[in-house]
Amino acid sequence: MENIRHLMNVMDLSVDELDALLALARRIYDDPGRYKNACEGKKLATCFYEPSTRTRLSFEAAMLNLGGKVLGFSSADSSSAAKGESVADTIRVISSYADICAMRHPKEGAPYVASIHSKIPVINAGDGGHNHPTQTLTDLMTIKKLKGRLNNLTIGMCGDLKFGRTVHSLVEAMVRYPDVKFIFISPPELKIPDYLRKDILEKNNVTFSEESVLEEAMPRLDILYMTRVQRERFFNEEDYIRLKDTFILDHKKMKLAPKDMLVLHPLPRVNEISTEVDSDPRAVYFKQAEFGVYVRMALILKLLDLEY
Ligand code: CP
């Protein structure tokens, strides 16, 4: 359907649009009351074929905060997908029930298929190991608000860089800002995908290194982006068990980091950040989850063409 704006990938937004969206999210954060009726009469459908806490509930909170209503399902089992209905048929139907849809799906590209058949804006709320653009908006708001800039940063990404869709989306977004360098820290089996290395990093002449010792990288970082090893994407449990505790951020490792380094994590956390780190002022992952509501409020306004 033409003239409908979807969000599949953070690259669907120009840098100017990204900056405007973050500025809107910041205005909403500063004065939420001003937006409390902005979506009156509008409905958001959350179609989640895969588990979620933050993304689904922050989308729902975002629409409720804007004065709209929400409907949806939180697992494939509780929808007619369990009876074999296609994503294309589902979105055709949802298009007549709601004004905008956030969709999470374990298959890469499923929200894109939905967007082709949709009469309403579709937002990719995470597709397999591929992309998670609204997590990236959350990450960008966190960095911008707490670090004051999106340029001139050395970002360490640690953990499951192969399956971690939040990593892929954040790299794609950040390479568009000047003087951003990356240090990728992972076991050899969980390195960044080839397409990210060749088509995004090398093509944009971005400085990056691939390393395997977190302690060695710590002193060089402005941001440390920790990730969980994605059990649900592994083909066998043995490999998951072998790799899951490769990197555990603890108080001792934090002592190696600059005083103003920030620790981000898209959450959920499993073992990769010891709870003793939570009280360190540099640990901002719960604040990051909070910001997710404001960027999703801004995105809903933008895609519904209700910009303030
Ligand atoms: N960060 C994130 O996507 O969390 P959920 O899986 O809980 O939505």
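Both backbone and side-chain heavy atoms feed into the values below; hydrogens, waters and symmetry mates do not. Ligands are counted one by one from 1 in listed order, and the atoms in each one are counted from 1 as well.
Near Gln135, meaning under 4.0 Å from any of its heavy atoms, are these atoms of ligand 1: 1 (N), 2 (C). Of all the atoms in ligand 1, the ones that sit under 4.0 Å from a non-hydrogen atom of Thr53 are 5 (P), 7 (O), 8 (O). Every atom of ligand 1 with a heavy atom of Thr55 under 4.0 Å away is listed here by number and element: 2 (C), 3 (O), 4 (O), 5 (P), 8 (O).
The protein heavy atom nearest to atom 6 (O) of ligand 1 is Arg104 NH1, 2.9 Å. With hydrogens left out, the protein atom closest to atom 4 (O) of ligand 1 is Arg54 NE, 3.1 Å, a heavy atom.
Put simply, the side chain of Leu153 does not reach to within 4.5 Å of the side chain of Tyr177, judged on heavy atoms. By the 4.5 Å heavy-atom criterion applied to side chains, Cys39 and Met63 are counted as neighbours.
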Given Lys145 and Glu290, is the salt bridge (Lys or Arg N to Asp or Glu O under 4.0 Å) satisfied, shown in steps? CA-CA 12 Å; Lys145 182 160 191 312; Glu290 182 192 331; over 6 Å; no
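For Arg56, no nitrogen or oxygen atom sits less than 3.5 Å from a nitrogen or oxygen atom of ligand 1, counting backbone and side chain alike. Below 3.5 Å of separation, one finds an N or O of Leu267 facing an N or O of ligand 1.
Residue Leu71 is found in a hydrophobic cluster whose other members, listed by chain and number, are Val93, Tyr97; membership requires side-chain heavy atoms under 4.5 Å apart, directly or through intermediates.
In summary, the side chains of Thr134 and Arg296 do present a donor paired with an acceptor at a separation below 3.5 Å, with no hydrogens or angles considered.
By the side chain to side chain donor-acceptor pair (under 3.5 Å) test, Glu215 pairs with no residue at all, sequence neighbours left out.
Within the structure, ligand 1 has His132 among the residues with a heavy atom less than 4.0 angstrom away.
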